[in-house]
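What follows is a set of notes on a single structure, which appears directly below.
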Amino acid sequence: MPLGEFGLIGRYFQRAVLQQAGDPAAVVLGIGDDAAVLQPGPDCQWVISTDSLVQGVHFPESHCPADLGYRALAVAVSDLAAMGATPQAFTLALTLPGVDEHWLQSFSDGLAQCAVDHRISLIGGDTTRGPLNIGISVFGEVPRGQALRRSGAQPGDLLCVGGPLGDGAAGLAVVLGQALPQGLGEQRDYLAARFWRPRAQCELGMALRGIATAAMDISDGLLQDAGHLARASAVALYLQADTLPGSTALQAWPPQQQREWKLRGGDDYVLLFTLPAEQHAAVDGWRQQGWPVTVIGRVEAGVGVWLDDQAVAGEGGYQHFKESADD
Ligand code: ADP
Ligand code: MG
């Protein structure tokens with residue numbers, strides 16, 4: 001007999017590994033009732049974000065379901081990292097074209113792996129039939145008043161990124177099976193993993209509480225996202241092209257392609273943040289902890305994003321409704 005909606009939820013989503021991936025103290029009531037109940041820590045605030053993944057837009061038609069499950073949750077958790085929040089719980093709104101148990105098992109396994117890696121528990125969701133679509137809402141918490149915003153950058157601050165740039169775009173080229181440079185070798189697997197299994201920078205985000213003046217995660221390309229931070233903070237951001245960090249794998253491509261992907265490629269999911277200049281020593285500390293933080297520029301009075309002293313705001317990067325006039 002085919003598996004019904006409730007059998008499907010019970011078998012693939014009401015699994016202990018998914019329901020208990022995070023701090024059990026945060027979840028008073030999880031899957032199975034009409035709604036979940038969460039308990040924030042003392043003097044904490046909830047940080048909440050929602051993401052949808054649409055086939056053909058956010059992920060290629062040909063994919064491993066486990067990778068898709070991992071990626072769907074990781075990109076959602078990255079928004080919590082950007083706010084400096086501790087991940088606690090998530091909900092899953094899943095629209096499926098049909099019941100394919102191999103697909104569901106694999107998707108659920110990848111989702112569970114990501115939930116364990118980021119210590120976040122599945123507390124509920126919705127399951128419907130239709131074209132494949134994955135909606136995830138994530139719930140994290142911060143001590144009262146300590147959420148990192150895009151709006152606090154000050155002239156004189158340092159501009160930093162939390163990891164290498166351009167791997168998301170190079171990873172997409174790999175997973176789409178595009179022509180690849182010779183000599184990429186095993187780095188191919190590294191890049192595919194960077195695309196399918198990004199690790200949200202939650203530990204770094206938490207470490208930035210009370211230190212960073214502004215923060216966000218880079219999902220649509222450095223220049224475009226830097227433009228959002230500059231506008232929200234009403235400052236100018238000056239970037240130095242020769243400081244932009246890149247992975248060894250990226251070096252298999254010609255320098256012009258590397259530069260383009262670092263500046264305008266999407267899907268990197270590393271943090272972009274500003275620090276008071278006197279916090280410069282913290283950067284070395286983070287690097288020693290294994291977080292490859294790099295200073296890539298500075299904040300000044302003014303507007304826009306500047307690359308090697310040339311104005312570049314708003315160019316490139318991904319936008320969904322780009323042709324509409326008011327963007
Ligand atoms: P309702 O009809 O009251 O909205 P549902 O029948 O849709 O409830 O869901 C029953 C329970 O299963 C709820 O606790 C809901 O949160 C959970 N649930 C449904 N779909 C999913 C899913 N894809 N992942 C996790 N939990 C789910
Ligand atoms: Mg429902």
Side-chain angles (χ1 to χ4, degrees), residues 1-41 46-61 63-81 85-141 196-200 202 269:
M1 205 181 101
L3 203 58
E5 178 187 338
F6 300 110
L8 181 163
I9 295 165
R11 187 171 305 173
Y12 298 110
F13 299 111
Q14 210 165 7
R15 297 168 59 185
V17 62
L18 271 164
Q19 293 197 87
Q20 290 155 26
D23 178 2
V27 182
V28 179
L29 185 61
I31 295 174
D33 214 306
D34 292 304
V37 180
L38 295 180
Q39 177 64 54
W46 288 118
V47 175
I48 299 165
S49 170
T50 298
D51 275 292
S52 307
L53 267 78
V54 178
Q55 181 158 294
V57 178
H58 298 102
F59 58 93
E61 308 255 333
H63 59 262
C64 161
D67 285 339
L68 182 61
Y70 197 102
R71 176 174 163 80
L73 180 56
V75 304
V77 172
S78 181
D79 285 320
L80 294 180
T86 307
Q88 295 288 17
F90 72 103
T91 60
L92 171 68
L94 194 58
T95 306
L96 297 169
V99 178
D100 174 342
E101 295 208 40
H102 286 292
W103 191 95
L104 278 162
Q105 184 65 54
S106 172
F107 178 82
S108 165
D109 287 346
L111 191 72
Q113 186 62 58
C114 186
V116 168
D117 286 350
H118 295 85
R119 305 200 60 235
I120 188 165
S121 303
L122 181 60
I123 54 161
D126 199 27
T127 308
T128 52
R129 187 186 292 266
L132 181 59
N133 190 302
I134 301 156
I136 290 186
S137 293
V138 286
F139 302 79
E141 58 180 58
W196 280 120
R197 294 178 178 241
R199 192 68 188 258
C202 297
Y269 301 104

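Each ligand, and each atom within it, is numbered from 1 in the order the structure gives. What you are looking at is a predicted structure, and each value in this text was computed from that prediction instead of being measured.
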Are any of the N/O atoms in Ile31 less than 3.5 Å from those in ligand 1?
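No - when backbone and side-chain N and O of Ile31 are compared with those of ligand 1, no distance drops under 3.5 Å.
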Taking distance alone, with N or O pairs closer than 3.5 Å, would you say Gly32 contacts ligand 1?
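Yes.
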Would you indicate which of Gly124, Gly30, Gly10, Ser108 comes nearest to atom 25 (C) of ligand 1 when only heavy atoms are counted?
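Minimum heavy-atom distance to atom 25 (C) of ligand 1 goes to Gly124.
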At a 4.0 Å threshold, what atoms of ligand 1 neighbour a non-hydrogen atom of [X]?
| X | value |
| --- | --- |
| Leu122 | 25 (C) |
| Asp34 | 3 (O) |
| Phe6 | 6 (O) |

Residues in side chain to side chain contact (heavy atoms under 4.5 Å, CB included) contact with Ala21, at least two apart in sequence or another chain:
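For Ala21 the side chain to side chain contact (heavy atoms under 4.5 Å, CB included) partners, ignoring immediate neighbours, are Ala115, Val116.
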Taking only residues two or more places apart in sequence, or in another chain, which ones meet Ala76 in a side chain to side chain contact (heavy atoms under 4.5 Å, CB included)?
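For Ala76, the residues satisfying side chain to side chain contact (heavy atoms under 4.5 Å, CB included) (neighbours in sequence not counted) are Asp51, Ile136, Val138.
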Distance-only, no hydrogens or angles: does the Thr91 side chain make a donor-acceptor pair with backbone N or O of Gly125 under 3.5 Å?
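Side chain of Thr91 to backbone of Gly125, a donor-acceptor pair under 3.5 Å: no, none is there.
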Does Gly30 offer a backbone N or O that forms a donor-acceptor pair with the side chain of Gln19 under 3.5 Å?
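Checked: no pair found.
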Using a 4.0 Å heavy-atom cut-off, which part of Asp33 comes near ligand 1: side chain, backbone, both, or neither?
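The backbone, only.
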Can you tell which part of Asp126 has a heavy atom less than 4.0 Å from ligand 1: side chain, backbone, both or neither?
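It is both parts that get close, each with some atom under 4.0 Å.
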Aromatic rings Phe59 and His63: how do their planes relate, parallel, tilted or perpendicular, breaks at 30° and 60°?
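Phe59 vs His63 ring planes: perpendicular.
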Do Gln113 and Asp109 have side-chain N/O donor and acceptor atoms under 3.5 Å apart?
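On atom types as modelled, these side chains do not qualify, holding no pair under 3.5 Å.
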